[in-house]
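Note that the numbering runs from 1 along the sequence shown for the chain. No experiment lies behind these values; they were computed from the predicted model shown.
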Amino acid sequence: MFWVADYVALALILTAGVLVVRLRNLNGSVMALSALGLVLSLLFVLLGAPDDAHAEIVVGAIALPTMYLIALSKLRTAVSDEPELGEDAS
């Protein structure tokens with residue numbers, strides 16, 4: 001019966017991975033990456049590796065998406081400060 005949970009987790013991992021690549025919105029893609037880390041940690045628990053699941057939650061579902069969101073916000077701030085092509089540069 002546990003193989004059903006394994007296949008469900010695998011389907012969720014594949015879905016989240018496809019969403020990470022296919023979403024046009026970068027914030028949505030980062031949230032899908034966070035969901036991918038969460039589902040991977042669920043799979044680790046199902047496979048009997050709770051220590052790896054804990055590390056995946058901390059790194060894959062919390063730290064990495066947070067760093068990506070901070071980097072995206074800084075990138076958007078830097079890009080929005082530049083003048084547009086038709087404006088005077090003075």
Discussion item. Same cluster or not: L47 versus V39, using hydrophobic residues (I, L, V, M, F, W, Y) connected whenever any side-chain heavy atoms lie under 4.5 Å apart?
Written reply: yes

Worksheet item: If you group Ile, Leu, Val, Met, Phe, Trp and Tyr whenever their side-chain heavy atoms sit less than 4.5 Å apart, what else falls in with I62?
Response: I57

Worksheet, complete the sentence: Going by chain and number, the hydrophobic cluster around L19 (ILVMFWY, side chain to side chain under 4.5 Å) further includes L23

Worksheet item: Mind checking whether V8 and L40 sit in one hydrophobic cluster, side chains of I, L, V, M, F, W, Y counted as touching below 4.5 Å?
Response: yes

Discussion item. If hydrophobic clusters are built by linking Ile, Leu, Val, Met, Phe, Trp and Tyr wherever their side-chain heavy atoms come under 4.5 Å apart, do V4 and Y7 end up in the same one?
Written reply: yes

Discussion item. When you compare the side chain of L46 with that of D6, does any pair of heavy atoms fall below 4.5 Å?
Written reply: yes

Worksheet item: Just how far is it from atom CD of E56 to atom CG of L64, taken to the nearest 0.5 Å?
Response: 9.0 Å

Practice prompt. Determine, using the 4.5 Å side-chain heavy-atom cutoff (strictly less than), whether L14 and V18 are members of one ILVMFWY cluster.
Written response: no

Scan the side chains in residues 24-38 for donor-acceptor partners under 3.5 Å anywhere in the protein, sequence neighbours excluded, and list what turns up.
from	atom 1	to	atom 2	distance (Å)
N25	OD1	N27	N	3.2
S29	OG	V20	O	2.7
S34	OG	A61	O	3.0

Worksheet entry | Shortest non-hydrogen separation from L43 to A9 and the atoms involved | CD1-CB, 3.9 Å

